[in-house]
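Numbering of residues begins at 1 and proceeds along the displayed sequence.
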Amino acid sequence: MVLDVLLAGGEIADGSGAEPRRADVGIKDGTIALIGTGDGVEAVRTVDVRGRLLLPGLVDAHSHAEGLIGSPELELACLRQGVTTVVLGQDGVSVAPSSAAAAPELSRYFAAVNGPFPEPLAGGATVAQLLEYYDRRGALNVAYLAPAGTVRASVAGFGAGPADPAPQTALLEHALDEGAVGLSTGLEYVPGGYAGPDELSALLKVVSRAGGVHVSHIRGYEQDAPRGMAEFLVLAAESGVRAHVSHFHGPADLLLPEVSRAHRMGVDLTYDTYPYRRGNTLLAMLALPRSLQDAAPSQTLARLADASVRESLRQEWFPALAELFTRVTLSSVPAAPWAEGLTVPEAAARAGQTPGDLVCDLILASDLAVACVVQQPAANTPQDIRDLLKQPEHMGSSDGILVGGHPHPRGRGAFARMLARHTRDLGDWTWGQAAVHLSSRACERFGLAGRGRLEEGYAADVAVLEVPALADRATYAEPLRLAEGVELVLVNGQIVLEKGQLTGGRCGRALRRGERVR
């Protein structure tokens, strides 16, 4: 056998939990064909990786890269951290399965998070069409969760109040059959936040029968996490679905007892975290009353343009948000890029407006697509981050939002920080544990068969780390700086990052639940 690539002389943390060991890695036809010694084995290309650590390609369990798949911007952000697979369809809102009527509204609502819908799918799409679009579009693998809010909007619109579960469950069944790895719910977003227990239970039973996973942005984080978890765990216990909490952040002494309670209830629970204290969200969600957002996004904008509504907000709503606005930095403002990187009061002063009037004008001018970075209350500490990521239920994520000129640094730094700070420097994980938390556990959870391990017969997704050089360079002040310490990455056996630069490879695959991709 002549190998395509031989990675010679390095150490591997193979994703089993075992600690690093010396081994060559041989690759043939996109698959790992050799783990051991490559002495005397012929290869088209041999790469000397002595002094480096090889991990299975990292998996971002919560990403918002829908509109950027195939772009150099996204690929450098991910590959320079060793990330080879992203899980999309998060927070209950994404591209598919969407109807022609709902798609423009859904795209408008989450454009500041996911970017606009890919142009060929802007008129609506099935999960099968979306996965076909993503397959080999770029260098990254993509897995996809069917978003409950998208399902609901496509069959029942954006309004508040109960909706018939039957057409939603039928659409969800098709989405899972077409390869979605599970269901995501966004219970603080529109329209998924209007779903009641009966509606959610019906959807989760479909996911449970299919063997998928329910991934949820629950109704409340930080101090409100126990309230959000109460609903989430009851639904999981009743439906029998495998359960996963998105971006599980807050005080560990409140959150970890909820994990223990899940175990007592018999719930199969996991969660993901990113190693930062600030969040990133829609400005409208944060700054406008829920009553303005209980309809389609176009209707929200129409209400916000009404002079009487603006005056009511000016008198009765915005005065209470004065302190919050000091902790809010504008990250993406299509209509006013000059405001990106400024706090709301700073931008308002520059514009000669009150903060509330500026917020309204920016949202209207940008067609709702304004995002912001939010500094969290002091209750969430660095030690809480460490305590949460050490648990066996944990997996890594970035919650990466790369839209705009001043995004949260987590999109370009979360995995580098977990490798450099939390593994190498603080010892929160060993390298063997890091490979589990950042790769193999997510592959197992989301049904990404044949991935997440450096093992013969597995897909050759490989991140090559120069451990002393690992560093996250993105900061809140300079969020576009790329990570360092990962110069070589392979996806499906092809070198897609070499000497820290993209090679132009388009070998990323659309991954379907339980399907081994060759």
Side-chain angles (χ1 to χ4, degrees), residues 10-23 25 32 35 52-63 78 81-87 141 143 181-182 213 215 242-248 252 255-256 259 262-263 268-275 385-399 414-465 467 470 485-486 489-491 511 516:
E11 291 198 334
I12 68 169
D14 61 15
S16 69
E19 292 311 308
R21 68 184 191 277
R22 165 69 177 84
V25 178
I32 296 173
I35 295 287
R52 300 179 189 176
L53 176 65
L54 280 60
L55 268 62
L58 309 185
V59 178
D60 190 340
H62 188 112
S63 173
C78 291
Q81 300 180 77
V83 173
T84 60
T85 299
V86 292
V87 183
N141 300 316
V181 298
V213 60
V215 176
R242 295 184 300 139
H244 179 92
V245 185
S246 294
H247 39 66
F248 198 43
L255 271 54
L256 293 180
V259 175
H263 294 163
D268 182 354
L269 178 73
T270 53
Y271 60 84
D272 62 78
T273 71
Y274 55 83
I385 292 171
R386 297 182 65 187
D387 290 344
L388 288 169
L389 64 77
K390 291 177 183 179
Q391 307 306 314
E393 296 82 8
H394 171 272
M395 60 188 73
S397 70
S398 70
D399 197 3
F415 281 80
R417 179 172 286 203
M418 287 185 279
L419 292 170
R421 174 175 169 77
H422 290 282
T423 307
R424 183 194 61 203
D425 297 343
L426 295 177
D428 291 331
W429 299 324
T430 65
W431 288 109
Q433 291 168 339
V436 173
H437 282 264
L438 302 182
S439 186
S440 61
R441 182 170 293 144
C443 291
E444 293 167 3
R445 192 60 164 174
F446 294 112
L448 309 183
R451 293 183 188 270
R453 299 282 287 270
L454 297 182
E455 183 176 312
E456 292 178 8
Y458 274 62
D461 298 338
V462 186
V464 181
L465 280 55
V467 172
L470 288 170
V486 179
V489 178
L490 293 88
V491 174
L511 308 179
R516 294 181 76 99

Nearest heavy-atom neighbours spanning Gly15 and Val436
O-CG2, 3.6 Å
Residue set satisfying side chain to side chain contact (heavy atoms under 4.5 Å, CB included) with Ala449, at least two apart, ordered chain then number -> Arg516
Could you grab the distance from atom NZ of Lys390 to atom NE2 of His437, nearest 0.5 Å is fine?
10.5 Å
So CD of Gln433 and CD of Glu19: to nearest 0.5 Å the spacing works out to 6.5 Å
Looking only at heavy atoms, what is the nearest atom pair of Ser439 and Pro56, with distance?
OG-CB, 3.5 Å
Residues which pass ring-ring contact (aromatic ring centres under 6.0 Å, His included) with His244, listed by chain and number, not counting sequence neighbours
Phe446
Which pair of heavy atoms, one from Ala13 and one from Pro20, lies closest together, and at what distance?
CB-CG, 4.2 Å
Can you sort out the partners of Asp268 under side chain to side chain contact (heavy atoms under 4.5 Å, CB included), two or more places apart, ordered by chain and number?
Arg242, Arg445
Quick one, Thr423 and Leu470 - any side-chain contact, counting heavy atoms below 4.5 Å?
no
Measuring only between side-chain heavy atoms, which start at C-beta, is His422 closer than 4.5 Å to Ile385?
yes
CG-CE distance between Leu438 and Met418, expressed to the nearest 0.5 angstrom:
5.0 Å
side-chain contact (heavy atoms from CB on, under 4.5 Å) with Leu54: which of Leu454, Leu490, Leu465?
Leu454
Asp272 side chain to Gly396 backbone, donor-acceptor under 3.5 Å:
no
With rounding to the nearest 0.5 angstrom, report the OG to CG distance, Ser397 to Leu58.
12.5 Å
Using side chain to side chain contact (heavy atoms under 4.5 Å, CB included) as the criterion, list what pairs up with Arg421, not counting sequence neighbours.
Arg417, Leu426
Going through the distances and angles, do Leu448 and Asn141 end up as a side-chain contact (heavy atoms from CB on, under 4.5 Å)?
CA-CA 10 Å; Leu448 309 183; Asn141 300 316; over 6 Å; no
Side-chain donor-acceptor pair present, Asp14, Ser16, cut-off under 3.5 Å:
yes
Any chance you could measure Leu419, atom CG, to Trp429, atom CH2, to the nearest 0.5 Å?
7.5 Å
Cys78 and Val86, any side-chain heavy atoms less than 4.5 Å apart:
yes
If you take all heavy atoms of Gly452 and Tyr458, which pair is closest and at what distance?
N-CD2, 4.5 Å
Residues in ring-ring contact (aromatic ring centres under 6.0 Å, His included) with Phe415, at least two apart?
none
Look at the side chain of Arg424 and the backbone N and O of Val467, then say whether any donor-acceptor pair between them is shorter than 3.5 Å.
yes
All side chain to side chain contact (heavy atoms under 4.5 Å, CB included) counterparts of Thr273, not counting sequence neighbours
Phe248, Tyr271, Leu388, Leu389, His394
Arg386 backbone acceptor or donor facing Asp428 side chain under 3.5 Å:
no
How far apart are the C-alpha atoms of Val215 and Val87, what are their side-chain angles, what is the distance that settles it, and do they pass the side-chain contact (heavy atoms from CB on, under 4.5 Å) test?
CA-CA 11 Å; Val215 176; Val87 183; over 6 Å; no
To check you understand the geometry: which heavy-atom pair defines the closest contact between Glu456 and Ile35, and what is its length?
OE2-N, 3.1 Å
Correct closest heavy-atom pair for Ala252 and Asp387 would be CB-CB, 3.8 Å
